[in-house]
J.: 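Dropping the structure in here first, questions after.
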Number of protein chains: 2
Amino acid sequence: MNKKNITIYDIAKEANVSPTTVSRVLTNNPLVKESTRQKVLAKMKELDFSPNEAARRLTKPQANLIGFILPDITNPFFSQIYMEVEKRAFQKGYTVLLRNSMSISEVESTYLREFTERRAACIVFMGGRINKTKPSEDEIHEMQDVLSKVPIIMINGKMKGVKSANIRTNEEEGIRSIVEHLVSLGHKKIALLGGVKGISSSDNKLSSFKRVLKEYSLEFNEEWQIYSDFSVDAGRKAMKKLLEKEILPSAIIGINDLIIYGAFKECRDQQIPIETFSFVGFDDIYPSDIVHPSLTTVNHNYEVLVNEVMRTIDSIINGKGNGKGKIINTQLIIRESSKES
Amino acid sequence: MNKKNITIYDIAKEANVSPTTVSRVLTNNPLVKESTRQKVLAKMKELDFSPNEAARRLTKPQANLIGFILPDITNPFFSQIYMEVEKRAFQKGYTVLLRNSMSISEVESTYLREFTERRAACIVFMGGRINKTKPSEDEIHEMQDVLSKVPIIMINGKMKGVKSANIRTNEEEGIRSIVEHLVSLGHKKIALLGGVKGISSSDNKLSSFKRVLKEYSLEFNEEWQIYSDFSVDAGRKAMKKLLEKEILPSAIIGINDLIIYGAFKECRDQQIPIETFSFVGFDDIYPSDIVHPSLTTVNHNYEVLVNEVMRTIDSIINGKGNGKGKIINTQLIIRESSKES
DNA sequence: TTGTAGGCGTTATCAA
DNA sequence: TTGATAACGCCTACAA
């Protein structure tokens, strides 16, 4: 493919200037005489020259690179956030490097190492270990090690003893808005489906759920709180278990939207009219406006969230401190799936 | 954050060995005596050393990097493919660099340049210019320039005069399977919604649509072929226009699944029962199994497709030629949205 | 406005 | 089994 790598030396020789001058052209240094610049540019084009990124980088202490670790980009919740960050970073001349961890700790380790070796300007982290209520000692140590070299921004997660910047959505408030909405519709029997014990986003939602129920003197029925996971399939399974109970709730909250999609599926499979229940999800991913019935759910205020992420990245990169924690308020989006009891 | 960058020289000094030996440890060179290796490793840990990726790369002619350009990662069609490629590349020790072009030519140019400068091992390209029936001269030249340095793999696209590897799904066959399915259900009046004139995936589907209709002696009604775009919103608009026609079709094909999601929405908004029509999409993105009614659509055989992409990447990287074109057959997935006429 | 010289942190070559 | 030395390709004082 490539015969021989053309360097600035080749250009210099051909254009009868020094390599320094070629370099100046490359860096848009205004000191170069226009005619010289043109001569050099012409030669670069003629020889099909392309500067070597690695060599360039070697002269800088850090790269204009933002590492982004998340569990799974096919999940709209993550892709919506990632996409927006990439777009804005592009405008600022930053490069974003996406890595899917599948929330597997070893994979996360690999990527953390990679970003460190690439001298990333910062790392944005979602899911996985920062979502564990009890991460392992190793996981904590590793994060601390990385943090001593590369700033980390955690979205919807945190880690004890790790001094990262944290941005999170107010999940407790989100759950409160759901419960209050359902209560206002006359619901008294409410289920909570999905999630995994020990994952903070589940734990937070569950404890908030219990708290708000109590405030409204409503019963928390353990039979109606069913763990499973975070996927559509997990939603089916949870719904299936729920439908086997003697007494059924009138409203069902999903740990996220996907769980409810699964619940819909299960109802249809069992020929149970979906209108039998009121459903509310969490995340407001874009299919929630498309599924039928359209789903009442909690929106993360993606724009505010991403703004905050970018603000934090900026302040980190420009050395204005680490940008401390920030909590983003949620917004309840009411659609067809929740109705009067 | 980082006090001073620790280099192999620092390690060497501290461990009383030469930098060369430290380098050997880094590259797992078996020539190093075990005790020396341990000594060096200990120092590396002690000083919290992390090798500089850029310096490493500088000594190699090319990076173990696969560039991936696609229009929009929030579209499941792309994220499903990307995700799978990333996973497999990871296992082979390759790094994938994702870039969202939004199909904007200037953005594509930026990324093509970036990948060239990073000395990527190859570039996987989807959407944008490779999907234009008539790309501009500049676009073609640029691709040729890049191609002289970095091999390009095009998925579902091609470019005249650009000798890239091409992998594409058999869209013509996919459309055929849809039409034959609808015909077998007794449909005679079939619409085609969405897409943009001049984008090959639209043009291909349209011409195949016309051809197959002819074979079955069915009318192609221009009123029922409505361009718009490729999004959910585009689907609504196209459906709206269709519903204004005097005579309506009994079946509706979408250029992709998203178009049909939009058509569903429009029907609901206008209180028109969705069962009025049979709907068939194209792509089989995962929500198509979740929306209601679940959508009959054409699956790309993602696994076969990705296998082929990986095989091509391998053969390119290992210098076994450029891996020529390959066509992947599609599969019709029949669900609830298509019924007897 | 241009050029010389040294440095960035690794790896590869050749000796020892 | 180890070490000196020279690349790798670019950038940046400093000098001219």
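Note on naming: letters A, B, ... go to the chains in the order of the sequence lines (proteins, then strands), and numbering restarts at 1 for each one.
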J.: Verify the contact: side-chain N or O of R56(A) to OP1 or OP2 of dC11(D), cut-off strictly under 4.0 Å; return yes or no.
T.: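 R56(A) to dC11(D) OP1/OP2: side-chain N or O found under 4.0 Å.
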J.: Considering every strand and a 4.0 Å limit on heavy-atom distances, what is the contact class for T21(A): base, sugar-phosphate, or nothing?
T.: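 Result for T21(A) = sugar-phosphate.
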J.: Assert yes or no for the condition that the ring centre distance of Y111(B) to F90(A) is strictly below 6.0 Å.
T.: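 Ring centroids of Y111(B) and F90(A) are less than 6.0 Å from each other.
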J.: State which of dT4(C), dT1(D), dC11(D) makes the closest approach to the side chain of K33(B).
T.: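 Nearest to the side-chain atoms of K33(B), counting from C-beta on, is dT1(D).
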J.: Closest approach to the side chain of N52(B), judged atom by atom: which nucleotide of dC10(D), dT11(C), dT10(C) is it?
T.: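 When the side chain of N52(B) is considered, dT10(C) is the closest of dC10(D), dT11(C), dT10(C).
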J.: Would you indicate, yes or no, if dA12(C) has its OP1 or OP2 atom less than 4.0 angstrom from a side-chain nitrogen or oxygen of K60(B)?
T.: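 So the side chain of K60(B) is within the cut-off, an N or O lying under 4.0 Å from OP1 or OP2 of dA12(C).
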J.: Expressed as a whole number of angstroms, how long is the span from N64(A):CG to dC11(D):P?
T.: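 It is 13 Å, rounded to the nearest whole Å.
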J.: Once you round it to whole Å, what is the distance between P of dG9(C) and CD1 of I11(B)?
T.: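 It is 13 Å, rounded to the nearest whole Å.
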J.: Under 3.5 Å, is there an N or O donor on one side and an acceptor on the other linking the side chain of T20(B) and the base of dA4(D)?
T.: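 A donor-acceptor contact between them is present.
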J.: For the side chain of T36(B), starting at C-beta, report the closest nucleotide among dT10(C), dC11(D), dT1(D).
T.: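 When the side chain of T36(B) is considered, dT1(D) is the closest of dT10(C), dC11(D), dT1(D).
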J.: Do Q80(A) and E84(A) meet the criterion of a side-chain donor-acceptor pair at a distance under 3.5 Å?
T.: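 Checked: Q80(A)/E84(A) side chains show no N/O donor-acceptor pair below 3.5 Å.
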J.: Pick base, sugar-phosphate or nothing for R24(A), based on heavy-atom distances below 4.0 Å to the nucleic acid.
T.: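 Base contact.
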J.: Check the distance between dT11(C)'s C1' and L31(B)'s CG and give it to me in whole angstrom.
T.: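 Interatomic distance, CG of L31(B) to C1' of dT11(C): 14 Å.
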J.: Decide whether R57(A) and N64(A) meet the rule of one side-chain donor and one side-chain acceptor closer than 3.5 Å.
T.: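 There is such a pair between these side chains.
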J.: Pick the nucleotide of DNA chain D nearest each of L58(B) and S18(B); which residue has the one closer to the 5' end?
T.: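 So the residue in question is S18(B).
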J.: Please evaluate the base of dC8(D) for a donor-acceptor partner in the side chain of Y9(A) within a cut-off of under 3.5 Å?
T.: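 Checked by distance alone, the answer is no.
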J.: Are K92(A) and D314(A) close enough for a salt bridge, meaning some N to O gap below 4.0 Å?
T.: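 Counted as a salt bridge, because a side-chain N and a carboxylate O are separated by less than 4.0 Å.
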J.: Within this structure, what is the CZ-to-C1' distance between R119(A) and dG9(C), rounded to whole angstrom?
T.: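 From R119(A) CZ to dG9(C) C1': 9 Å.
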J.: Classify P19(A) by what it touches in the nucleic acid, base, sugar-phosphate, or nothing, heavy-atom distance under 4.0 Å.
T.: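 Nothing, no nucleic acid heavy atom in range.
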J.: From CE of M44(A) over to P of dC10(D), roughly how many Å is that when rounded to an integer?
T.: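 The answer, rounded to whole Å, is 10 Å.
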J.: I'd like to know if the side chain of T36(B) pairs up with that of R24(B) as donor and acceptor (distance under 3.5 Å, no hydrogens or angles considered).
T.: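 The criterion, which ignores hydrogens and geometry beyond distance, is not satisfied for R24(B) and T36(B).
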J.: Using a 4.0 Å heavy-atom cut-off, does V17(A) contact any base of the nucleic acid, only the sugar-phosphate backbone, or nothing at all?
T.: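 Answer is sugar-phosphate: V17(A) comes under 4.0 Å of backbone atoms only.
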J.: Just compare dT5(D), dG7(C), dT2(D) and give me whichever is closest to any side-chain atom of T59(A).
T.: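 Closest nucleotide to the T59(A) side chain: dG7(C).
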